[in-house]
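Quick notes on the structure that follows.
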Amino acid sequence: MASTAASSRASGPEPLLGIGQVLAALQPEFPELTPSKLRFLEEQRLVSPARTAAGYRKFSPADVERITVVLAMQRDHYLPLKVIRTHLEAIDAGETPALPGATSAAAFLGAARRLRRDELIAEARATRALLDDAISASLLPAAEHYGDEALGVLRALVALRAVGIEPRHLRGVRAAAEREAALVERAIAPSRRADASDKARAAEQGRELAGHLETVHSSVVRATLSRLAR
């Protein structure tokens, strides 16, 4: 035990990373990450890097892990940053909150899962044909790896197929989603200037608007089903 402690003291604290080093570490998995996006995450109080006397940002390994969690939440669950911030603040306070609309927080404290096609099919208890049908109906992308959101979609398609609802019957869902996405794109267009930080803010606004549209859509569906049950 003493030798371990001595070794730890000899090695010193873990080194801090500059923005370029953080980008080099994370861009292979998150190619959209830029210096402006890192500064935007700091502005949104999602990460708090140290500063040198000259004002340069320095990121600890914990900062890099936190950025990874934030980007994975955005990519895999399309969550707005304010929802992610509230979620992480609860974790910082010692709570174990469930991720809104997804899995528990523990799933994101490690690395986000990336499932191969065969792993996705096995976990969803689906068939290769069902995945192919979902891709053909544009309900899932054609990819080599998938996240938890794709797993949720494929599981839902398994349940729907059990009552005779096939992916081809859901092409209208994709069309409706594309119309809603066009509404959001038009709404945020004035905010998408050349500056990278403006684009980051516009993307975040788009996520928030998408969440509002999802709330309205779910409410309309529930209300329609309630009328049919009368």
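All residue numbers in this chain count up from 1 along the given sequence.
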Verdict with supporting geometry, Asp132 and Arg117, salt bridge (Lys or Arg N to Asp or Glu O under 4.0 Å):
CA-CA 10 Å; Asp132 290 342; Arg117 288 170 62 96; 3.2 Å; yes
Could you tell me whether the side chain of [Y] reaches within less than 4.5 Å of the side chain of [X], counting heavy atoms only?
X	Y	value
Phe30	Thr68	yes
Leu81	Gln74	yes
Ile84	Leu88	yes
Leu17	Val64	yes
Glu32	Gln27	no
Glu42	Leu38	no
Arg171	Ser136	yes
Gln44	Lys82	no

Applying side-chain contact (heavy atoms from CB on, under 4.5 Å) to Ile165 and Leu170, what does each step give before you reach the verdict?
CA-CA 8 Å; Ile165 300 176; Leu170 302 176; 4.0 Å; yes
Minimum heavy-atom distance [X]-[Y], with the two atoms named:
X	Y	value
Ala137	Pro167	CB-O, 3.5 Å
Arg114	Glu119	O-OE1, 4.0 Å
Lys58	Pro49	O-CB, 3.4 Å
Arg66	Leu46	NE-O, 2.8 Å
Gly55	Arg51	O-NH1, 3.0 Å
Leu120	Leu151	CD1-CA, 3.5 Å

Value rounded to 0.5 Å, distance of [atom1] in [X] from [atom2] in [Y]:
X	Y	atom1	atom2	value
Leu131	Leu157	CG	CG	9.5 Å
Glu149	Leu154	CD	CG	12.5 Å
Arg85	Met73	CZ	CE	13.0 Å
Glu123	Tyr146	CD	OH	14.5 Å
Glu65	Leu26	CD	CG	11.0 Å
Leu160	His169	CG	NE2	11.0 Å

Between Asp63 and Ser60, a side-chain donor and acceptor under 3.5 Å
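Ser60 and Asp63 do have a side-chain donor-acceptor pair below 3.5 Å.
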Exceeds 12 heavy-atom contacts within 6.0 angstrom, atom CD of Glu144:
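It does not: Glu144 CD has 12 such atoms or fewer within range.
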Determine whether more than 12 heavy atoms belonging to other residues, nucleotides or ligands lie under 6.0 Å from atom CZ of Arg125.
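Open: at most 12 neighbouring heavy atoms sit under 6.0 Å from CZ of Arg125.
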Hey, quick one: are [X] and [Y] part of the same hydrophobic cluster, counting side-chain heavy atoms closer than 4.5 Å, chains of contacts allowed?
X	Y	value
Leu139	Ile135	yes
Ile67	Val83	yes
Leu23	Tyr56	no

Flag, side chain of Glu180 to backbone of Leu213, donor-acceptor distance under 3.5 Å:
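Judged by distance alone, no pair lies under 3.5 Å.
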Please determine whether a side-chain nitrogen of the Lys or Arg among Lys37 and Glu43 lies less than 4.0 Å from a carboxylate oxygen of the Asp or Glu.
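No salt bridge links Lys37 with Glu43.
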If the threshold is 4.0 Å, N to carboxylate O, is there a salt bridge linking Asp118 and Arg128?
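Arg128 and Asp118: not salt-bridged.
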Pair Arg161-Asp133, side-chain contact (heavy atoms from CB on, under 4.5 Å): steps then yes or no:
CA-CA 11 Å; Arg161 170 166 279 184; Asp133 288 347; 3.0 Å; yes
Dump the intermediate steps for salt bridge (Lys or Arg N to Asp or Glu O under 4.0 Å) on Arg75 and Glu29, then the final yes or no.
CA-CA 11 Å; Arg75 179 193 63 197; Glu29 184 174 359; 3.3 Å; yes
